[in-house]
Amino acid sequence: MPRSPRGPFRGLPREVPVLTAVAFTVALGFGIVAPDIPAFARHFGVSTAAAAGVVSAFALMRIVGALPAGRLVDRFGEPVVMATGITIVAVSSILAGFSGSFTELIILRGTGGLGSAMYGVSA
């Protein structure tokens, strides 16, 4: 299939627009959900700071998971780690919505951060 000589992706491999579309979709989903996470956490009777910590748990685990994710990419390859990472983010995010306790919510959001690191590093 010939490539268009116009557009922002001209001259780039086909994978670039695909990864861009996936990253945009993930960012959009996170942007829709992230503002409500602390409000949801407050339903467990925790302080505002603890509720904000749920968002920080995701970010912290993304940082912590970056180096191990790189090793996983070296061992299993980008496509496998990327698919696994995005699946972990999706499943943990859905399960977090059904959390029965604040601890469960923190653990699930942290797990999502690890999956996000896997996706980000492999992409």
What distance do [X] atom [atom1] and [Y] atom [atom2] have between them, rounded to the nearest 0.5 Å?
| X | Y | atom1 | atom2 | answer |
| --- | --- | --- | --- | --- |
| L12 | L19 | CG | CG | 11.5 Å |
| I63 | L114 | CD1 | CG | 12.0 Å |
| T20 | F9 | OG1 | CZ | 4.0 Å |

Nearest heavy-atom neighbours spanning [X] and [Y]:
| X | Y | result |
| --- | --- | --- |
| A117 | A66 | CB-N, 3.9 Å |
| S101 | E104 | OG-N, 3.1 Å |
| I86 | V26 | CD1-CG2, 3.3 Å |
| T87 | A83 | OG1-O, 2.7 Å |
| S122 | E78 | O-CG, 3.4 Å |
| G112 | S92 | CA-OG, 3.1 Å |

If the test is side chain to side chain contact (heavy atoms under 4.5 Å, CB included), which one of I94, L95, V89, I88 qualifies with V91? L95
Is the shortest side-chain heavy-atom distance between [X] and [Y] below 4.5 Å?
| X | Y | answer |
| --- | --- | --- |
| P38 | V54 | no |
| M118 | P68 | no |
| F40 | L105 | yes |
| T84 | Y119 | no |
| T111 | M61 | no |
| M82 | V121 | no |
| S99 | L108 | yes |

Within the distance-only criterion (no hydrogens, no angle test), does the side chain of R42 pair as donor or acceptor with the backbone N or O of V46 below 3.5 angstrom? yes
Would you find a donor on one side and an acceptor on the other, under 3.5 Å apart, between the side chain of R75 and the backbone of L72? no
Do you reckon V18 sits in the same ILVMFWY cluster as V73, going by side-chain contacts under 4.5 Å, direct or chained?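 No, separate clusters.
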Show, in sequence, the C-alpha distance, side-chain angles and deciding distance for I37 and F58, and conclude whether the side-chain contact (heavy atoms from CB on, under 4.5 Å) test is met. CA-CA 11 Å; I37 291 173; F58 185 92; over 6 Å; no
